[in-house]
Amino acid sequence: MEKRILLLQGHPDTTERHFGHELADAYAAGAGKGGHAVRRIEVAALDFPLLRSEREWEQGLLPPSLREAQQAIKWAEHLVLFFPLWLGDMPAIFKGFLEQVARPGFAFTGEGNNPFLRKGLTGRSARLVVTMGMPALIYRWYFRAHSVKSLERNILGFVGIAPIHETLIGGVGNLSQEDGEAWLVKLEALGRKGA
């Protein structure tokens, strides 16, 4: 069954291509072969300010540069978020993007005294593709994948996105060409399935 898939590239460096970009390309190629409709957003190429207060988040206007991003999120049935792990978490620009687009009235709506009553993005699934320098097993078991779990629970799950799956790729600075190609094959297969 064809899905509408949105790829969100969260790598903050627009001056060169990174492994995360290759992974997104592989996923997109597979999704195309699987008959899925694909849209892409390169977050670092967007111009938007960081939010600096709760009031600004609740009552401020969405920057015009992010209107298309919100429309694409609304359009999508499946979101794939690509980002490198920096200082144990997603890069700041990617977090800032999620804070901007996941606003009241879009990501959730309220009623009366409960501004978070209804989740606005139900009916969507997601996959997180996270690259990191440390071995993925250490991140998953020793650090308990804390930042990925926080993203799943406190942002994506909070607005109704489920199920959420993870692809954690460790040791990217030392991947052999063979291992790198194996990951690209895996991402293409996931794209073909729309998973």
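Every value quoted in this text rests on a predicted model; they were computed, and no experiment measured them.
- Of all non-hydrogen atoms in S147 and G88, the two that sit nearest each other are OG-O, 2.8 Å.
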Return a table of donor-acceptor pairs under 3.5 angstrom between the side chains of residues 180-192 and protein atoms on other chains or two or more places apart.
residue	atom	partner	partner atom	Å
E181	OE2	Q177	NE2	3.0
E188	OE2	K33	NZ	2.5

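- Of the possible donor and acceptor atoms, one in the side chain of S65 sits under 3.5 Å from a partner among the backbone N and O of D47.
- Closest non-hydrogen pair, I164 versus G157, comes out as CD1-N, 4.0 Å.
- For the pair R4 (side chain) and W75 (backbone), a donor-acceptor distance under 3.5 Å is present.
- In terms of modelled atom types and a separation under 3.5 Å, the side chain of R103 and the main chain of Q100 share a donor-acceptor contact.
- Considering L98, L128, V148, V130 as possible partners of M90, the one that fulfils the side chain to side chain contact (heavy atoms under 4.5 Å, CB included) test is L98.
- Contact detail for G170 and L175: the closest heavy-atom pair is O-CD2, 4.1 Å.
- Here H21 pairs with H11, H18 under the ring-ring contact (aromatic ring centres under 6.0 Å, His included) rule; sequence neighbours left out.
- Although no hydrogens or angles enter the test, the distance criterion places no donor-acceptor pair under 3.5 Å between the side chain of R40 and the main chain of Q9.
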Q. Could you go step by step and tell me if Y27 and T167 meet the side-chain hydrogen bond (donor to acceptor under 3.5 Å, both in side chains) rule?
A. CA-CA 12 Å; Y27 189 100; T167 301; over 6 Å; no
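- The aromatic rings of F97 and F94 sit parallel to each other, their planes meeting at less than 30°, with 60° as the upper class boundary.
- The shortest non-hydrogen separation linking E152 to E166 is OE2-OE2, 2.6 Å.
- Minimum interatomic distance between I93 and F48 (heavy atoms only, all atoms of both residues): O-CZ, 3.6 Å.
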Q: Could you go through the salt bridge (charged side-chain N to carboxylate O under 4.0 Å, His left out) check for R52 and E99 one step at a time?
A: CA-CA 10 Å; R52 300 191 181 270; E99 289 174 354; over 6 Å; no
**Q.** side chain to side chain contact (heavy atoms under 4.5 Å, CB included) assessment of L151 paired with F83
**A.** CA-CA 12 Å; L151 170 58; F83 62 90; 3.8 Å; yes
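- The stretch residues 83-93 participates, sequence neighbours left out, in no side chain to side chain donor-acceptor pair (under 3.5 Å) pair at all.
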